[in-house]
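Data first, discussion second: the structure below is written as structure tokens.
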Amino acid sequence: MTTQAPRAAQAVTLPASLDEAVAALAAMPAAVPVAGGTDLMAAVNSGQLRPAALVGLGRISEIRGWQYQDGHALLGAGLTHARMGRPDFAALIPALAAAARAAGPPHIRNAGTLGGNIASAAPTGDALPVLAALEATLIVAGSGGARREIPVSHLLAGMEMLRAGELIGYVRVPLLHAPQVFLKATGRTGPGRAIASVALVLDPARRGVRCAVGAIAPMPLRPLEAEQWVAQLIDWDNDRGIVPEALAAFGQYVAAACIPDPEPAEDGTVQPLPPAVLHLRRTVAALARRALGRALS
């Protein structure tokens, strides 16, 4: 009895700049870009992917940090979850730091990157609802030094896609200087994949609340009507107070918007939600209520 190891990639290129990486992808259309490799290696190990070539992004220093730009933070796509979880980053974008700390065990946080979380677009990606709530924008690198911008929500919804040979270079996030919260529920104690998550940010300048629910759908969901409704109930001029009943109602509003009741049948009857779905809706309601309460406290 013999075993055969999976065939290794035919070529590995290690560019030193974003433009070099784009050029390498143009020269090898079948190549797959890899940064932390947490999702890629899982696909390789399961036999779902056998890349003919790899373009490693680990040596591109320009995308492994961040800088300030016109009231925004320009985050490199190569930022690891471990780096985003540190206190200095948490002071900048608290919800994204919280999501990074919840992304998994240490070996995943040390390797996994912000750009990889976005590019893989897994529904359970912890950074995705935070970026949706922050209304972040991607800066995509193309051939010949070209750069274009895509709202993160457009990419996740499939409204705009990466073109052949393009790479996510940076993520532009507005600095709101206001409370932000990320909460998630998992199926077990400790780090794990989310069964539901909620990101909530306050925008005092616009007197707005932005909320995104992750893991329960292929992409983060924004309950826009619930956001607008609760924003009108907050006392923005004083201590951002709100009555406790509104917190509970907000949680129910968010959950019902993201997990609605079934459509009535032809005879007008409405089937109840299955117990598992009803439990998920209650979980989303609790997360949304707690997130808003913490943001306003």
Looking at every heavy atom in both [X] and [Y], which two are closest together, and how far apart are they?
X    : Y    : answer
I242 : L233 : CG1-O, 4.0 Å
H81  : I108 : CD2-O, 4.1 Å
V55  : A31  : CG2-CB, 3.9 Å
A127 : L96  : CB-CD1, 3.9 Å
V32  : P51  : CG2-CB, 3.8 Å
R59  : P15  : CB-O, 3.7 Å

Are [X] and [Y] linked, directly or through other ILVMFWY residues, by side chains that come within less than 4.5 angstrom of each other?
X    : Y    : answer
V198 : L202 : yes
L167 : L79  : no
V230 : L224 : no
L162 : Y170 : no
V130 : V201 : yes

More than 12 heavy atoms of other residues, nucleotides or ligands under 6.0 Å from CD of E225: yes or no? no
Give, for atom [atom1] of [X] and atom [atom2] of [Y], the distance between the pair rounded to the nearest 0.5 Å.
X    : Y    : atom1 : atom2 : result
E245 : L247 : CD    : CG    : 9.0 Å
L14  : I60  : CG    : CD1   : 9.5 Å
F182 : R101 : CZ    : CZ    : 11.0 Å
M219 : S153 : CE    : OG    : 9.0 Å
L292 : L183 : CG    : CG    : 11.0 Å
S297 : D239 : OG    : CG    : 11.5 Å

Going through the distances and angles, do L75 and I93 end up as a side chain to side chain contact (heavy atoms under 4.5 Å, CB included)? CA-CA 11 Å; L75 312 178; I93 311 173; 3.9 Å; yes
Residue pair L131, L114: steps toward the side chain to side chain contact (heavy atoms under 4.5 Å, CB included) verdict: CA-CA 10 Å; L131 297 175; L114 177 62; 4.1 Å; yes
State whether D237 and R207 are salt-bridged, where the test is any N-O pair (Lys NZ or Arg NE/NH1/NH2 against Asp/Glu carboxylate O) under 4.0 Å. yes
Looking at R109 and D126, is any side-chain nitrogen of the basic one under 4.0 Å from a carboxylate oxygen of the acidic one? no
With R172, which of E135, E149, H72 fulfils side-chain hydrogen bond (donor to acceptor under 3.5 Å, both in side chains)? E149
After noting the C-alpha distance and the side-chain angles of L134 and L176, does the key distance pass the side chain to side chain contact (heavy atoms under 4.5 Å, CB included) rule? CA-CA 9 Å; L134 289 169; L176 300 178; 4.1 Å; yes
Checking the side chain of [X] only, and the main-chain atoms of [Y] only, is there a donor and an acceptor separated by less than 3.5 Å?
X    : Y    : answer
R210 : L200 : no
E227 : C211 : yes
T269 : A265 : no
E62  : L18  : yes

Decide yes or no on side chain to side chain contact (heavy atoms under 4.5 Å, CB included) for R83 and W66, but give the supporting numbers first. CA-CA 11 Å; R83 184 66 190 90; W66 70 82; 3.4 Å; yes
For residues [X] and [Y], determine if any side-chain heavy atom of one lies less than 4.5 Å from a side-chain heavy atom of the other.
X    : Y    : result
V34  : L57  : no
P129 : V213 : no
P204 : R240 : yes
I139 : L74  : yes
L278 : R282 : yes
I168 : I63  : no
T80  : R64  : yes

Please list, chain by chain and in numerical order, all residues satisfying side-chain hydrogen bond (donor to acceptor under 3.5 Å, both in side chains) with H154, sequence neighbours excluded. E160
Please collect all salt bridge (Lys or Arg N to Asp or Glu O under 4.0 Å) contacts where either partner lies in residues 15-38, sequence neighbours excluded, each pair once. D19-R147
List the residues meeting ring pair (Phe, Tyr, Trp, His ring centres under 6.0 Å) with W236, not counting sequence neighbours, and say none if there are none. none
